[in-house]
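See below for the structure under consideration.
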Amino acid sequence: MTKLGIVPQRHDITAVTEARTALATDGAVLLTGLPATADALIVAAASVLGPRLRQLFPLRERPSQDGGPVDLHADSFNVVVDLGGIPTPRRDPDEDFVFVQCVAPAPSGGDSFLADAYRFVDEHAAPDLREFLTAVDVDLYGKWGAIRGVPALPRVARHVEYTRTGRRIVRRTDGAVPLHRDPGAEHAEEMLAVFTEAVQGIQPGLPRFLPAAGEILVVDNYRCWHGRDPHSGDRLVRILTVRTTDAR
């Protein structure tokens, strides 16, 4: 079976060259040596991405108590708010790196896992699924249209696309639906279900890892999907998504 799982290397924040190399090679890296503070996420983004860093989005905290599993996904959303009369994005569909800081790990469970989405498309997906992901437009956030701040204008895209700088994007979101009145809507609906089933099918076999308090998981959001196992007790992570000069 195709090796889809990724176990990120651990590198101290002072070894930034090694961390950048690991991120470029594996699509993810675990940064150590930083305190479990919000400032540390900003430091991590500036250190690892350097002059490529273009835009940071607001930090968000995600507490969970006795949390259920989180399926493989790529961080991606489209939220716009009115800030002093100016439409301002708080999230972006083309966030290309995500930084997940473990503030307080769960007392039991909550292991993380990563999948190489490039390998999934190239070596694991059935031909009909690969064709769908690369050739069929969908509305990426159609299921979430009722959420305040999500623009009413459909976000039309394919799951697999390329940026102007040549980076490949492989999206994975639970919000995708067929385009309104698309003649191929029935087929798209069927293939979205096939995609979900295929992704869920690879999750049990992926290697697990458990970030410690203060460690920051850095993920190439165009290349990797991430998820976590269920946990008992309280767990807290802090998340920063960004765009670089190589983003779409």
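Atom set for the values below is all heavy atoms of this structure, side chains included, hydrogens, waters and symmetry mates excluded. We number each residue from 1, following the sequence as shown.
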Subject >> Of all pairs that satisfy salt bridge (charged side-chain N to carboxylate O under 4.0 Å, His left out), the ones with a partner from residues 22-36, not counting sequence neighbours >> reply: none
**OP:** Could you tell me which non-hydrogen atom of T241 sits nearest to which non-hydrogen atom of R91, and how far apart they are?
**Re:** OG1-NE, 3.8 Å
Original post:
What heavy-atom pair brings P211 and C102 nearest, and what distance separates the two atoms?
Top reply: O-SG, 3.6 Å
Subject >> Test salt bridge (charged side-chain N to carboxylate O under 4.0 Å, His left out) applied to D75 - qualifying residues, sequence neighbours left out >> reply: R60
Original post:
What pairs with R228 under salt bridge (charged side-chain N to carboxylate O under 4.0 Å, His left out), at least two apart in sequence or on another chain?
Top reply: none
**OP:** Measure across C224 and A74 and return the closest heavy-atom pair with its distance rounded to 0.1 Å.
**Re:** O-CB, 4.2 Å
Original post:
Hey, does F120 have a side-chain heavy atom less than 4.5 Å from the side chain of V170?
Top reply: no
Original post:
Between atom CD of E215 and atom NE2 of H11, what is the distance when rounded to the nearest 0.5 Å?
Top reply: 12.0 Å
Subject >> Hydrophobic cluster (4.5 angstrom, side-chain heavy atoms) - remaining members for Y162 >> reply: none
Original post:
Residues two or more places apart in sequence or in another chain: which of them pass salt bridge (charged side-chain N to carboxylate O under 4.0 Å, His left out) with R235?
Top reply: none
Original post:
Among the clusters formed by ILVMFWY side chains lying less than 4.5 Å apart, do V100 and V219 turn up in the same one?
Top reply: yes
Subject >> Distance (rounded to the nearest 0.5 Å) between E123 CD and R130 CZ >> reply: 9.5 Å
**OP:** Could you verify whether a donor N or O on one side chain and an acceptor N or O on the other, from D12 and T14, lie under 3.5 Å apart?
**Re:** yes
Original post:
Which residue pairs pass the salt bridge (charged side-chain N to carboxylate O under 4.0 Å, His left out) test with at least one member in residues 135-150, sequence neighbours excluded?
Top reply: D137-R158
Original post:
If you look only at pairs with a residue in residues 161-171, which of them pass as a salt bridge (charged side-chain N to carboxylate O under 4.0 Å, His left out), with sequence neighbours excluded?
Top reply: D94-R171, D96-R167, D122-R168, E161-R171, E161-R248, R167-D220
Subject >> Stepwise side-chain contact (heavy atoms from CB on, under 4.5 Å) check, D128 with E131 >> reply: CA-CA 5 Å; D128 58 342; E131 172 69 15; 5.6 Å; no
Original post:
Below 4.5 Å, heavy atoms only, C-beta onward: do E95 and D92 meet side chain to side chain?
Top reply: yes
Original post:
Is any side-chain heavy atom of F209 closer than 4.5 Å to a side-chain heavy atom of L30?
Top reply: yes
Original post:
Just by distance, do the side chain of R10 and the backbone of T32 share a donor-acceptor pair under 3.5 Å?
Top reply: no
Original post:
Once you round to the nearest 0.5 Å, how far does OG1 of T25 lie from CD1 of I6?
Top reply: 11.0 Å
Subject >> Co-membership, hydrophobic cluster, residues L72 and Y222, 4.5 Å side-chain >> reply: yes
Original post:
Among the clusters formed by ILVMFWY side chains lying less than 4.5 Å apart, do V121 and L129 turn up in the same one?
Top reply: yes
Original post:
For the residue pair P89 and P87, what are the closest heavy atoms and their distance?
Top reply: CD-O, 4.2 Å
**OP:** Say whether L217 and L206 are linked into one hydrophobic cluster, either directly or through other cluster members, by side-chain heavy-atom distances under 4.5 angstrom.
**Re:** no
Subject >> Distance in Å, L236 CG paired with Q101 CD, rounded so as to fall on 0.5 Å steps >> reply: 8.5 Å
Original post:
Would a hydrophobic clustering, with Ile, Leu, Val, Met, Phe, Trp and Tyr connected at side-chain separations under 4.5 Å, put F77 with V138?
Top reply: yes
Subject >> Partner residues of R52 under the salt bridge (charged side-chain N to carboxylate O under 4.0 Å, His left out) criterion, sequence neighbours left out >> reply: D246
Original post:
Can you list the other members of the hydrophobic cluster that holds L23, where links are side-chain heavy atoms under 4.5 angstrom apart?
Top reply: I13, V29, L31, L34, L41, I42, V43, V48, L49, L53, L56, L59, F97, F99, I216, V218, L240, V242
Original post:
Within the distance-only criterion (no hydrogens, no angle test), does the side chain of T165 pair as donor or acceptor with the backbone N or O of T163 below 3.5 angstrom?
Top reply: no
Subject >> Close side-chain approach of P69 and Q203, heavy atoms under 4.5 Å >> reply: no
Subject >> Residue pairs fulfilling ring-ring contact (aromatic ring centres under 6.0 Å, His included) with at least one residue in residues 46-74, sequence neighbours excluded >> reply: H73-H226
Original post:
Which pair of non-hydrogen atoms, one from A106 and one from S232, has the smallest distance, and what is that distance?
Top reply: CB-O, 3.7 Å
Show every donor-acceptor pair shorter than 3.5 Å between a side-chain atom in residues 179-201 and any protein atom, with sequence neighbours excluded, or say none if there are none.
{"unit_1": "D182", "atom_1": "OD1", "unit_2": "G184", "atom_2": "N", "d": "2.9"}
{"unit_1": "T196", "atom_1": "OG1", "unit_2": "L192", "atom_2": "O", "d": "3.1"}
{"unit_1": "Q200", "atom_1": "NE2", "unit_2": "D71", "atom_2": "OD2", "d": "2.9"}

Original post:
Of all residues at least two apart in sequence or in a different chain, which pass the side-chain hydrogen bond (donor to acceptor under 3.5 Å, both in side chains) check with Y141?
Top reply: S76
**OP:** Would you name the heavy atoms of A176 and H159 that are closest together and state the gap between them?
**Re:** CB-NE2, 4.2 Å
